[in-house]
Every structure is written in structure tokens, then in C-alpha cells.
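We're numbering straight along the sequence, starting at 1. These figures come from a predicted structure and were not determined experimentally.
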Amino acid sequence: MSEQSGLKARFKKMGPAAIITSAFIGPGTIVTASVSGATFGYALLWVILLAVIALIVLMEMSSRIGIAGGKNVIEAAIDMFPSSIVWKRFVQIIIVAGTLAICFAFEAGNIVGASAGLSDFTHMPLWVAATITAAIAAVTVFLTSYTILSRIMQFFVSAMALLFIITMIAVLPSIPSVLGGLVIPKIPEGGVINALALVGTTLIGVNLILHSITSREKWAGNGNVKSSIKEARFDIMFNILIGGLITISIIIVAATVLYGTNAEVKSPLVFTKSLEPVLGSWARVIGDIGLFAAGLSSAIAVPFTMRAILSKVFNTEGGIAAPSLRILGLVVVVFGAGLAISGTSPTQIIIFAQATSGFILPFIAALLIVAANNKKVMKEYINKPWQNVVGGIAVALTFILGAWGLYNVVLRLIGG
């Protein structure tokens with residue numbers, strides 16, 4: 001009875017990690033996972049497991065810095081060389097530039113993807129669907145409480161999990177093949193880029209910064225640091241594992257339905273339309289609703305993420321509720337809506353967003369590890385050796401991802 005009560009209490013205290021799950025399960029994840037499943041079957045499922053483990057470890061460091069150290073990642077980074085104004089400006093410029101580029105690009109992909117799902121489901125014109133999606137996202141720009149946002153995101157995470165997992169079960173995948181893809185690490189010929197893209201759509205640098213901010217807001221100052229860290233870990237494990245399961249479900253569905261058909265995935269709608277011949281018209285409806293939920297939840301999370309980070313960088317009066325940040329949040333939403341109404345394909349937007357995210361990610365991941373090993377800030381809550389090992393692997397992965405993203409950007413700039 002006491003164990004049930006304790007578990008119930010933990011669920012009630014959950015929150016910040018749901019924002020991260022909703023943020024990374026968007027149209028970009030649907031496209032990337034669908035491409036991986038359609039092209040390589042179940043072979044890259046293990047990559048998601050690896051990415052989820054790395055994300056959990058990095059997020060745990062991020063929350064621990066916020067709870068035990070009483071700092072967000074930005075503050076912890078600047079405090080590494082507190083007397084150096086050059087270092088402070090370098091950190092601020094990297095984080096501000098990266099945050100703006102990532103948020104504008106991801107918001108565009110999110111609203112384009114959500115609008116496509118809503119339009120396909122309701123048969124309304126795309127511009128109407130884009131206007132409705134943007135209007136909902138715009139209203140949430142006036143939210144100032146991470147607690148309210150986390151409750152909204154818990155709803156979206158639950159809905160997406162239900163929709164995508166039911167669809168995965170319905171397509172009757174090969175269980176031995178799924179298990180093989182999960183536990184046997186191999187990269188098929190031509191699969192390196194897809195494997196890195198799967199890591200990139202899961203590990204997003206600005207999300208790690210946001211989690212340190214929201215964790216500090218929720219748990220720092222509660223008096224019992226050890227208990228707060230345990231609550232934060234449960235929150236992370238529960239929500240991020242669900243996020244990983246959603247991505248795995250999308251790969252499995254694409255692998256079961258599309259692998260070997262030579263289908264080309266250029267839009268999230270390919271995922272929903274591919275279900276109809278196999279499972280009937282109802283499956284396409286579920287796919288469309290899932291796409292709309294994924295896009296809308298991410299479209300809500302992005303302006304909040306941007307405002308939360310910039311409010312800490314510039315120490316804005318009024319924090320996240322500062323009028324200037326609300327205006328910027330609305331600008332981001334309008335930008336995404338404009339691209340959606342114009343009928344812009346989300347594919348190139350998603351590629352740019354993931355490349356930009358990959359560029360800033362190694363910097364943030366490395367800062368997390370350094371800050372989490374700072375005894376002056378963390379005291380007895382510094383990293384354990386195994387956390388440094390797993391974190392080091394995550395940094396190496398993110399460095400490779402960042403190099404790959406930069407390489408792709410350069411190729412496009414020179415027309416390669």
C-alpha cells in the first residue's frame with residue numbers, strides 16, 4: 001500500500017521531462033524514423049535505444065545541476081571562468097545564436113507538419129489548418145508557468161504514445177526481427193547518415209538547457225536535495241522512455257509496411273498514408289491525428305523553450321513573461337505559419353533544424369559534464385565514474401553528429 005502511495009506521489013510530482021519528450025517527438029522525428037524504417041527495416045532500432053540512454057544521462061546531469069547546484073546550464077557554463085568577460089560573451093553568443101536558429105527552424109517544421117496532418121484528416125484547406133495550428137500555439141505563448149505547460153505536454157505524450165503504439169501492434173511486426181534490431185548493433189550499408197539523424201532528432205541541445213531551467217524552478221530550494229533528485233530521475237526515466245518507445249513504434253510501423261516497397265519518404269504524410277492499404281482508412285485517420293499531436297505539441301514547446309533560455313541569458317525583467325520575449329515567441333509562430341500556408345515542404349526545414357541543433361549539441365553536452373564534475377558547485381552530488389563514461393560517449397556521438405550537420409550545411413551552401 002505504501003509503495004503504491006509512493007508511486008502515485010511520484011506521478012503527481014512529474015512534469016519537466018514531459019516538455020522535452022513533446023519537444024523532440026515532432027514531425028522531424030516522424031520523418032527521420034519513417035525514412036529509417038522504410039529504408040533499413042528494423043536494423044537501426046538499437047540506435048534509438050542508445051540515443052535514449054544518452055539523453056537520460058545528460059538530462060539527469062542537467063536536472064542535478066539545477067537542483068543540487070542551484071544553477072541552470074548557462075550559469076554553470078559562465079561560472080567555469082567567472083572573471084572572463086570574453087568567455088561569458090562566447091557562451092552567450094553560442095547559446096543565443098543556436099537557440100534562435102534551432103527554434104525558428106523547428107517551429108516551421110512543427111507547424112508545417114501539424115497543419116498537414118490536420119488538413120489531411122479534416123479535408124480542410126491547408127491554409128485554414130495552418131491558421132488553426134498557429135492560433136493554438138500563439139495562445140500558449142502567453143503561458144508563464146512551466147507547471148501548466150508540463151500538464152499540457154503530459155496529455156500530448158500520453159495521446160501520442162497511445163496512437164503510435166496501437167498502430168505498431170496493429171501492423172503485426174515480426175517480433176524476432178524487432179528484437180534483433182534492438183539488441184544487435186549494426187549499421188547497414190548507407191545507413192550512417194540515417195543513424196546519426198536518429199540521434200540528432202532525439203538529442204537536442206536547447207532541450208538540455210531548458211531542462212536545467214525547469215528542474216531548478218520545480219525542485220531547487222525544496223530543502224531535501226536527495227529526494228528532489230530522485231523525483232527528477234523518475235520524471236526523466238518515465239517520460240523519455242515513452243518518447244523512445246514512440247520513436248521505436250514509428251520505425252517498426254514504417255519497417256513493417258514500407259520496407260522493400262521502394263517508397264520514398266519526403267513528408268510526414270507518407271507515414272499516415274502508408275497505413276491505409278494495410279489497416280484501412282481508420283489507420284490513416286489515427287496517423288493524421290498522431291502527426292497533428294506531434295506537430296502541435298512541439299509547436300507549443302518551442303516558443304516556451306526559446307523564451308525560457310533567452311530570459312536566463314539576458315536576465316530579462318519579468319523573466320519569461322517579458323513583453324519582448326512574448327513578441328519574439330509570436331514572431332516564431334507567425335514565421336512557421338507563413339511557411340505552412342505557402343505550402344513549403346518540411347523536409348529541408350527539418351534537415352536545417354537538425355544540422356543546427358547538431359552544431360550546438362557537443363558544446364552543451366561537454367559543458368554539462370564539466371559542470372556536473374565541479375565539486376565547488378555540486379558538492380557531494382558530482383558525477384559518478386559511470387556517468388562520466390556514458391556522458392563521454394554521448395559527447396563523442398554529439399560531436400560526430402555536429403560535424404555531420406556542419407558538413408551537410410556546407411554542401412548545400414556550395415551546391416553539393
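- Listed by first then second residue, pairs satisfying side chain to side chain donor-acceptor pair (under 3.5 Å) with a partner in residues 42-58 read Tyr42-Thr256, not counting sequence neighbours.
- Sparse packing is recorded around CH2 of Trp127, with 12 or fewer heavy atoms of other residues, nucleotides or ligands lying under 6.0 Å away.
- Considering all non-hydrogen atoms of both residues, Ala33 and Ala254 come closest at O-CB, 4.4 Å.
- Under the ring pair (Phe, Tyr, Trp, His ring centres under 6.0 Å) criterion, the residue pairs touching residues 303-341 are Phe104-Phe335, with sequence neighbours excluded.
- Side chains of Phe292 and Thr133 form a contact here, defined as non-hydrogen atoms less than 4.5 Å apart.
- Scored by the side chain to side chain donor-acceptor pair (under 3.5 Å) test, Thr272 finds Asp288 as partners (sequence neighbours excluded).
- For the pair Phe234/Ile229, no side-chain contact is recorded, criterion being any heavy-atom separation below 4.5 Å from C-beta on.
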Q: Take Ser119 and His123, measure what side-chain contact (heavy atoms from CB on, under 4.5 Å) needs, and give me the verdict at the end.
A: CA-CA 5 Å; Ser119 176; His123 304 292; over 6 Å; no
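- The side chain to side chain contact (heavy atoms under 4.5 Å, CB included) test applied to Ala299 returns Glu107, Asn110, Ile111, Ala137, not counting sequence neighbours.
- Looking only at distances, no side-chain donor or acceptor of Thr261 sits under 3.5 Å from a matching main-chain atom of Val257.
- Shown here are the side chain to side chain contact (heavy atoms under 4.5 Å, CB included) partners of Ser324, two or more places apart in sequence or in another chain: Ala322.
- The side chain to side chain donor-acceptor pair (under 3.5 Å) contacts involving residues 306-322 comprise nothing, where partners must be two or more places apart or lie in separate chains.
- Residues Lys88 and Met80 are not in side-chain contact: their nearest non-hydrogen atoms beyond the backbone lie 4.5 Å or more apart.
- Separation of the Phe106 and Phe24 ring centroids does not fall under the 6.0 Å cut-off.
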Q) Should Arg284 and Asp120 be marked as a side-chain contact (heavy atoms from CB on, under 4.5 Å) after you check the CA-CA gap, both sets of side-chain angles, and the distance that decides it? A) CA-CA 9 Å; Arg284 179 172 173 179; Asp120 193 59; 2.5 Å; yes
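- Scored by the side chain to side chain contact (heavy atoms under 4.5 Å, CB included) test, Val128 finds Met124, Pro125, Ile132 as partners (sequence neighbours excluded).
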Residues 165-192, side-chain donor-acceptor partners within the protein, below 3.5 Å, at least two apart:
| unit_1 | atom_1 | unit_2 | atom_2 | d |
| --- | --- | --- | --- | --- |
| Thr167 | OG1 | Leu163 | O | 2.7 |
| Ser174 | OG | Ser177 | N | 3.4 |
| Ser174 | OG | Ser177 | OG | 3.0 |

Distance-only donor-acceptor pairs under 3.5 Å for side chains of residues 52-66, two or more places apart:
| unit_1 | atom_1 | unit_2 | atom_2 | d |
| --- | --- | --- | --- | --- |
| Glu60 | OE1 | Arg64 | NE | 3.2 |
| Glu60 | OE1 | Arg64 | NH2 | 2.7 |
| Glu60 | OE1 | Gln387 | NE2 | 3.3 |
| Glu60 | OE2 | Arg64 | NE | 2.9 |
| Glu60 | OE2 | Arg233 | NE | 2.8 |
| Glu60 | OE2 | Arg233 | NH2 | 3.0 |
| Ser62 | OG | Leu208 | O | 2.6 |
| Ser62 | OG | Ser212 | N | 3.0 |
| Ser63 | OG | Met59 | O | 3.4 |
| Ser63 | OG | Glu60 | O | 3.0 |
| Arg64 | NH1 | Tyr381 | O | 2.7 |
| Arg64 | NH1 | Asn383 | OD1 | 3.1 |
| Arg64 | NH2 | Asn383 | OD1 | 2.7 |

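- Residue pairs meeting the side chain to side chain donor-acceptor pair (under 3.5 Å) criterion with at least one member in residues 333-342, sequence neighbours excluded, are Ser342-Thr344.
- Between Lys226 and Glu231, no side-chain nitrogen of the basic residue sits less than 4.0 Å from a carboxylate oxygen of the acidic one, so the salt-bridge criterion is not met.
- In this view, Ala130 and Ser115, Ala340, Ile341 satisfy the side chain to side chain contact (heavy atoms under 4.5 Å, CB included) rule, not counting sequence neighbours.
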(Q) Run the side-chain contact (heavy atoms from CB on, under 4.5 Å) test on Leu296 and Ile300 for me, step by step, so that the C-alpha distance in whole Å, both residues' side-chain angles and the decisive distance to 0.1 Å come before the verdict. (A) CA-CA 6 Å; Leu296 179 59; Ile300 292 171; 4.1 Å; yes
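- Identified under the side chain to side chain donor-acceptor pair (under 3.5 Å) test for residues 294-305, with sequence neighbours left out: none.
- The heavy-atom pair separating Leu269 from Ala116 by the smallest distance is CD2-O, 3.7 Å.
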Q. Do Asn239 and Ile20 pass the side-chain contact (heavy atoms from CB on, under 4.5 Å) test, and can you show the C-alpha distance, the side-chain angles, and the key distance before you say yes or no?
A. CA-CA 8 Å; Asn239 284 289; Ile20 306 304; over 6 Å; no
